[in-house]
Amino acid sequence: MRSSEVDYVFPSTPGKIKIERAHKVNRQFHRCLGIFASTSSTMFFWVLFVIVLTASYISFVNSGSRCFSSPASVYDGVEWQKRVRTSAQIHRSNGLSVLVTGAAGFVGTHVSIALKRRGDGVVGLDNFNNYYDPSLKKARKALLNSNGIFVVEGDINDARILAKLFDIVAFTHVMHLAAQAGVRYAIQNPHSYVHSNIAGLVTLLEASKSADPQPAFVWASSSSVYGLNTKVPFSESDRTDRPASLYAATKKAGEEITHTYNHIYGLSITGLRFFTVYGPWGRPDMAYFSFTRNILQGKPITVYRGKNGVDLARDFTYIDDIVKGCLGSLDTSGKSTGSGGKKRGSAPYRIFNLGNTSPVTVPTLVSILEKHLKAEAKKNIVEMPGNGDVPFTHANVSLARKEIGYKPTTDLETGLKKFVRWYLSYYGYNQDKPV
Ligand SMILES: O=C(O)[C@H]1O[C@H](OP(=O)(O)OP(=O)(O)OC[C@H]2O[C@@H](n3ccc(=O)[nH]c3=O)[C@H](O)[C@@H]2O)[C@H](O)[C@@H](O)[C@@H]1O
């Protein structure tokens, strides 16, 4: 991969490559200088030296500042700090103060608003990357702002911004929803999964364990960790060592990584295995969303089918149920026990399935959409390609019910009706906004 491509894919990766490149330029410059000095007058040499050194310094500073998603000065402003503090303010007794990563994402937006509405303090963090249409993320940000939630534009890989945020606010909880999502996209861009779901996770855990007081940490794992399991429904104690995609592997790695931070530093950890979450303000890369767009535009949709003509099925879970699961997890998370890099006792480590408990096939999903959209889909049925998909998912949520009071209440028919209503109000029948 060319370096320009690396810069594009990883906008916030600390700029080791660039800094090294700047040093290399300096070294080459000094080598040339030696040759040049021997043949020129001292005066000319020093004038040239000062000019070139200045240019070299400016170039170095510029390359350094590009290495981070945002210059530090943006975060140091009095006005900026005031916005962070105001957004984090708690307006109920025993309320929480939550740092929500991926706040301008689908689940992040809904969870942030639900927390704010019940009087908790919320500060959002989002890098607004272009995995899917950033204008949808900007629209979600506007919605969050109108609910009194400030979303900081920054990346979970940027340790400086994280340290700054923990410096300004004593967060009681981190709700970590920022991730590279999507099962099949991992074939095209594997490194983006490692960058966000592993490197970014570790950077955020480092900041969380160093914070004083340490927050409790609740984060989004995925139903995809069950991989090639055939035992249904999926329970938390089932095997998760046979992932079918790199996406699933990074989520499984996240479960192991968070365990070490729980073990060594006493961070309270709750991992939530989300099962194909859908609903208003959803993700355009997901099947229910792209099918809706194509059906309305009269374009064909591709429906994958499993081996021997078996339909694929998903335990599609409505966003409002997921939000209840997230809030229930935050409320019951228990305290972290560490400070100054040492733990004082054991802290909770929990993993819960958040699913709907009633899988629906993909062709049924399509016919529900056809009904709500009053339009027929042009179906192109093909065998499921070997790109990371699993044939079915099905959640057992008894543990989540017992521990956090989770009880899904929205069936796919009802949830899709709400989604379609939102879709038409947001994009209109003519769909003049990009998706
Ligand atoms: O629950 C999860 O763990 C995962 O759920 C979704 O992943 P997925 O279930 O694959 O959701 P979709 O991409 O919406 O696909 C749903 C179903 O439609 C099928 N599909 C998808 C796309 C398409 O063009 N045609 C098609 O038939 C897929 O094979 C799958 O069976 C999310 O995209 C992941 O981020 C999340 O972690």
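One-based numbering, in listed order, for ligands and for the atoms of each. Keep in mind that the numbers below use all heavy atoms, side chains included, and drop hydrogens, waters and symmetry copies.
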Exercise. Determine whether the side chain, the backbone, both or neither of R283 has a heavy atom under 4.0 Å from any heavy atom of ligand 1.
Key: side chain
Quiz prompt | Test of ring centre spacing under 6.0 Å for F289 and Y278 | solution = no
Quiz item: Side chain, backbone, both or neither: which part of R314 has a heavy atom under 4.0 Å from ligand 1?
Solution: side chain
Quiz item: Should one rank V382, T302, D311 by closest heavy-atom distance to atom 23 (C) of ligand 1, which comes out on top?
Solution: T302
Quiz item: Does R305 have a heavy atom less than 4.0 Å from any atom of ligand 1?
Solution: no
Quiz prompt | Nearest neighbour of atom 7 (O) of ligand 1 from the list V183, V107, T361, on a heavy-atom basis | solution = V183
Quiz item: Can you find a heavy atom in the side chain of W80 that is under 4.5 Å from one in the side chain of V152?
Solution: yes
Practice problem: For side chain to side chain contact (heavy atoms under 4.5 Å, CB included), just list the numbers for Y185 and S192, CA-CA rounded to whole Å, side-chain angles, deciding distance to a tenth of an Å, and then say yes or no. | Solution: CA-CA 10 Å; Y185 179 65; S192 66; 3.9 Å; yes
Quiz item: Can a salt bridge be assigned to the pair D133 and K138 using a cut-off of 4.0 Å between side-chain N and carboxylate O?
Solution: no
Quiz item: Which heavy atom of the protein is the closest neighbour of atom 12 (P) of ligand 1, given with residue, atom name and distance?
Solution: R184 NH2, 3.6 Å
Quiz item: For atom 11 (O) of ligand 1, what's the nearest protein heavy atom and its distance?
Solution: T276 CG2, 3.7 Å
Quiz item: Are the charged groups of E255 and R273 less than 4.0 angstrom apart, N to O?
Solution: yes
Quiz prompt | Distance under 6.0 Å and angle within 45° of ring axis: K137 vs F128 | solution = no
Exercise. Run down the list S222, S221, P363 and name the one with the heavy atom closest to atom 3 (O) of ligand 1.
Key: S222
Quiz item: Is the distance between the ring centroids of F419 and Y288 less than 6.0 Å?
Solution: yes
Exercise. Verify whether one side chain among H173 and S97 offers a donor that lies under 3.5 Å from an acceptor in the other.
Key: no
Quiz item: Which residue and non-hydrogen atom of the protein lie closest to atom 36 (C) of ligand 1, and at what distance in Å?
Solution: Y247 OH, 3.7 Å
Quiz item: Looking only at distance, does D285 have an N or O less than 3.5 Å from an N or O of ligand 1?
Solution: no
Practice problem: Could you say whether the N/O atoms of F291 and ligand 1 ever approach to under 3.5 Å? | Solution: no
Quiz item: To which protein heavy atom is atom 17 (C) of ligand 1 closest, and what is the distance rounded to 0.1 Å?
Solution: V362 CG2, 3.8 Å
Quiz item: Does the ring of F274 carry K251 above it, NZ/CZ under 6.0 angstrom from centre and within 45° of its axis?
Solution: no
Practice problem: Answer yes or no: does an N/O atom from F274 fall short of 3.5 Å to an N/O atom of ligand 1? | Solution: yes
Quiz item: Can you tell me which residue and heavy atom of the protein come closest to atom 2 (C) of ligand 1, and the distance to 0.1 Å?
Solution: S223 OG, 3.2 Å
Quiz item: What is the closest protein heavy atom to atom 6 (C) of ligand 1, and at what distance does it sit?
Solution: M286 CE, 3.8 Å
Quiz item: Which atoms from ligand 1 have a heavy atom of V303 less than 4.0 Å away?
Solution: 27 (O)
Quiz prompt | K141 and D126 ion-paired at < 4.0 Å | solution = no
Exercise. Give a yes or no answer on whether the side chain of N147 reaches the backbone of I149 with a donor-acceptor pair at less than 3.5 Å.
Key: no
Quiz item: Please state which protein non-hydrogen atom is closest to atom 14 (O) of ligand 1 and give its distance, to 0.1 Å?
Solution: A287 N, 2.8 Å
Quiz prompt | Identity and distance of the protein heavy atom lying nearest atom 28 (C) of ligand 1 | solution = D389 OD2, 3.6 Å
Quiz item: Of all the atoms in ligand 1, which lie at a distance below 4.0 Å from a heavy atom belonging to F275?
Solution: 1 (O)
Quiz item: Against heavy atoms of A181, which atoms of ligand 1 measure under 4.0 Å?
Solution: 35 (O)
Self-check item: ring pair (Phe, Tyr, Trp, His ring centres under 6.0 Å) between H394 and F234, worked out
Solution: CA-CA 6 Å; H394 184 180; F234 300 159; 7.6 Å; no
Quiz item: Which of the numbered atoms in ligand 1 are below 4.0 angstrom from a heavy atom of L312?
Solution: 29 (O), 31 (O)
Self-check item: L205 vs T258 side-chain heavy atoms within contact, under 4.5 Å
Solution: yes
Exercise. Ignoring angles and geometry beyond distance, decide whether G182 reaches within less than 3.5 Å of ligand 1 through its nitrogen or oxygen atoms.
Key: yes
Quiz prompt | Note: E383-K307 ion pair, threshold 4.0 Å (strictly below) | solution = no
Quiz prompt | Shortest reach to atom 26 (C) of ligand 1 by a heavy atom, considering only F392, Y278, Y185, Y304 | solution = Y304
